[in-house]
Protein chains: 2
Amino acid sequence: MSRRVTLSDVAELSGVSAITVSRVLNQPEKVSEPVQNKVNAAISKLGYIPNRSASALASARSGVIGVVIPSLSNNVFNDVLRGVYDVTGPAGYQVLLVDTHYSPIEEERMIRTLLGQAPEAMIITGGNQTEHARKLLEKAEIPIVQIMDKLDEPVDMNVGFSHRKAAFEVVERILAAGYTKLGFLGARMDPRAQQRLQGYRLAMEQAGLLNDDLVLTTPRPSSIAMGCELFKGLVAQSGGLCDAVFCVNDDLALGTLFECQRMNISIPKDLAICGFNDIEASALVNPPLSSVRVPRHEMGVVATEMVIKAIKGEVISERVVDCGYQIKMRESTRAVA
Amino acid sequence: MSRRVTLSDVAELSGVSAITVSRVLNQPEKVSEPVQNKVNAAISKLGYIPNRSASALASARSGVIGVVIPSLSNNVFNDVLRGVYDVTGPAGYQVLLVDTHYSPIEEERMIRTLLGQAPEAMIITGGNQTEHARKLLEKAEIPIVQIMDKLDEPVDMNVGFSHRKAAFEVVERILAAGYTKLGFLGARMDPRAQQRLQGYRLAMEQAGLLNDDLVLTTPRPSSIAMGCELFKGLVAQSGGLCDAVFCVNDDLALGTLFECQRMNISIPKDLAICGFNDIEASALVNPPLSSVRVPRHEMGVVATEMVIKAIKGEVISERVVDCGYQIKMRESTRAVA
DNA sequence: ATTTGGTATGATAGCGCAATCATGATGCCT
DNA sequence: AGGCATCATGATTGCGCTATCATACCAAAT
């Protein structure tokens, strides 16, 4: 059972002090070339791999960025995460990812766990933290970006967009296309889904078209199958009175589309469909689905760049970034003739 | 700038020694109840959060499990990852996730990075490691599971299934349904995709139907849009001669389906389509797509349970688990009349 | 009364590394 | 020639925690 290779093993083999080896690894410009070569040779000969725990303890820098997302199954967060990794990797940070299952209680526990790793920064989805979790975050005194939502009172920094405004605007566009009996389908109903529902309600109310029979939501997880189910539910609940459906996300919209195909409901002639998120499939199904494109990957990138800048002590001029969205009106909500 | 709260702060406030506080956290059964209460009160009063780096250093147990996947964008790995988290969370392990972008060179670097965190175990996708990476893994002397593939010579443990066999079998089924000009579409072409192609070739050859004009692959990333593109390419390349297409994954199959809908090619009358992975959409589109269901979540769960058992020193009776697959024949490959 | 054994708590040391300060060597200026 | 940066390297210390061994105490058994 061979003991782990340490810095001083390398130091001994290369005939220098331990701290010099440390410098070769962390600040090579401070070490002369011949010494560097000796040390590097010893490192590869011994297969030395630095122990990050010890490094973190000694330097008070863990090289870890904590990321809190509500769900691993939701592909939306995947894209964000990819953006995060695209920045952390080259910058030499590790990502510690936790999944809260959409529960603020669990989120608080996860944040506590993460803080135990002494992350140098955190990226957190949304602003729905428990009071205690928020205190923990504030006390941590590290850069924190809350992403996805546009928040009124971010803990620290914020990168997101207004889901309410986006939904409001897309509903206005659908109504402007001539539809009047626009239903709403929602699942999971996390804070962002709630805000989209609010946007829908606001726009419908403003147009004098709000009708609770046209709204159907469930707290259960969202999926394409759930879209099929909810659409059937909405048909039953509204007496088949809808001429359009706004779905809280594209999964539900796809489910609705596929179900309509089976029910011989022609899109958009008999029914218009609009989703949210603009996942890849939406533009490629037949007919292409209208949706709201949101810069998921970009949010991950921007948020990560912000925290890394902040870690380095640089001044962040824009601590709140509204990264906007794009409404994609496609065939599925073509204007009524 | 308040200094971080440490164990000894808690010890001082509660009037016990530091080691006792440590015990309250790690082995509470060894501490009397009144002392536990005192200590816990002090912990919450001070908002103490243990420093995992120090703990890892002192105990030589990091509580970290390293996970290596080739791509964050591929949802297949997402499901696996969810399985991993479902086990690690309750067991109190942290996951350190890295993304190799399908590159063995990058994988080697990532493995090195991971090992620096002194993970107690590792879960790695596939068996395509560089020679050096393999050495590193062996030298690490920690439990390692390679997942997704069924490997001939795993580094340590293995949970997966034979992609070649699965593809071979599903191609046989398609041929048995009466199709003779079965094309193959592939993208990304990682080792698993290659194996599926091999399975296809084997089955086609065995049936005397192999024809290179029916095979079209690209190293570029897979996506639904790529499915559309490849299908158009295959039509051009084969002179429209296919009566069926086997796609290396469901994204390509969906792309093919959607493109066929636009080209007024009727499925399965004019063309049969079969995918691989059985993602949610496959069963819900029209017509439902045949596919091969693979236990992604289960692989994550099983692999993680195995390494955790191994960490605890339990004996793993089955070090190689073939978790199989299920062929789902649906409307898209209905037998020709 | 003494031994034994178990339980609860503490003292000490050290995990592997980097911050800090110290030292010696070198070059360059006046 | 003397003084003073500048550079390369080293010695020491401590980060916050836990392993290890030691100690104090009490109950039961002799």
Side-chain angles (χ1 to χ4, degrees), chain A residues 1-40 42-43 46-64 92 94 115-120 140, chain B residues 1-40 42-43 46-64 92 113 115-120 140:
Chain A
M1 188 70 185
S2 58
R3 200 178 46 84
R4 204 194 144 96
V5 179
T6 71
L7 247 199
S8 39
D9 295 330
V10 176
E12 197 175 335
L13 179 62
S14 43
V16 300
S17 70
I19 187 66
T20 298
V21 177
S22 168
R23 274 197 276 257
V24 170
L25 292 165
N26 301 318
Q27 322 171 52
E29 72 282 359
K30 294 204 163 185
V31 179
S32 69
E33 213 171 296
V35 173
Q36 278 194 45
N37 293 336
K38 266 197 304 185
V39 170
N40 282 323
I43 285 175
L46 294 175
Y48 169 67
I49 293 180
N51 181 331
R52 289 290 306 159
S53 294
S55 168
L57 187 59
S59 69
R61 288 185 293 100
S62 62
V64 164
Q94 305 295 313
L115 288 175
Q117 308 277 352
E120 296 185 48
Chain B
M1 188 72 185
S2 59
R3 200 178 47 85
R4 204 195 146 96
V5 180
T6 72
L7 246 200
S8 39
D9 296 331
V10 176
E12 197 175 336
L13 179 63
S14 42
V16 299
S17 70
I19 186 67
T20 298
V21 177
S22 169
R23 276 197 275 257
V24 170
L25 293 164
N26 301 316
Q27 322 171 53
E29 72 282 359
K30 295 204 162 186
V31 179
S32 69
E33 212 171 297
V35 173
Q36 278 193 45
N37 292 336
K38 266 196 306 184
V39 170
N40 282 322
I43 285 175
L46 294 175
Y48 169 67
I49 293 180
N51 181 331
R52 290 289 306 158
S53 294
S55 169
L57 187 59
S59 68
R61 286 185 293 100
S62 62
V64 164
T113 305
L115 288 175
Q117 308 278 351
E120 296 185 46

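Chain letters run A, B, ... following the sequence lines, proteins first and then strands; every chain starts at 1. Basis for what follows: all heavy atoms, side chains included, without hydrogens, waters or symmetry-related copies.
Rounded to whole angstrom, the span from the CG atom of A:Leu57 across to the P atom of D:dG16 amounts to 7 Å. Summarising the geometry, the separation between CD1 on A:Ile49 and C1' on C:dC17 is reported as 16 Å, rounded to the nearest angstrom. Rounded to whole Å, the distance from NZ on B:Lys30 to C1' on D:dT18 is 12 Å. Distance B:Gln117 CD to C:dG16 P: 16 Å, rounded to the nearest Å. Straight-line distance from the CZ atom of A:Arg4 to the P atom of C:dG16: 8 Å, rounded to whole Å. With rounding to whole Å, A:Glu29 atom CD is found 14 Å from D:dT9 atom C1'. Nucleotide D:dC21 holds its P atom 13 Å from the CD1 atom of B:Ile19, rounded to whole Å. Rounded to whole Å, atom P of C:dA18 lies 9 Å from atom CD of A:Gln27.
When the nearest nucleotides of DNA chain C are assigned to B:Ser59 and B:Ser32 by heavy-atom distance, the more 5′-ward of the two goes with B:Ser32. Comparing A:Arg52 and B:Gly15 along DNA chain C, the residue whose closest nucleotide (by nearest heavy atom) sits nearer the 5' end is B:Gly15.
Residue-to-nucleotide contacts include a donor-acceptor pair under 3.5 Å from the side chain of B:Arg23 to the base of C:dG10.
Within a 6.0 Å sphere centred on CD of B:Glu12, heavy atoms belonging to other residues, nucleotides or ligands number 12 at most.
Shortest non-hydrogen contact noted between B:Ala42 and B:Ser14 is CB-CB, 3.9 Å. Minimum heavy-atom separation, A:Ala54 to B:Leu57: CB-CD1, 3.7 Å.
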Stepwise, does the side-chain contact (heavy atoms from CB on, under 4.5 Å) test hold for A:Ile49 with A:Val5? CA-CA 7 Å; A:Ile49 293 180; A:Val5 179; over 6 Å; no
Checking A:Val16 against A:Lys38 for the side-chain contact (heavy atoms from CB on, under 4.5 Å) test, could you report, in this order, the C-alpha distance in whole Å, the side-chain angles of both residues, the deciding distance, and whether it holds? CA-CA 9 Å; A:Val16 300; A:Lys38 266 197 304 185; 4.1 Å; yes
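Checking the phosphate oxygens (OP1, OP2) of D:dC17, no side-chain nitrogen or oxygen of B:Ser22 falls inside 4.0 Å. Considering only side-chain N and O atoms, B:Asn26 lies under 4.0 angstrom from the phosphate OP1 or OP2 of D:dT18. Between B:Ser17 and the phosphate of C:dG10, there is a side-chain N or O to OP1/OP2 separation shorter than 4.0 Å. Contact between the side-chain N/O atoms of B:Arg61 and the OP1/OP2 oxygens of D:dA19 is found at a separation under 4.0 Å.
Here C:dA18 is the nucleotide among C:dA18, D:dG10, D:dC17 with the atom lying nearest to any side-chain atom of A:Ser55.
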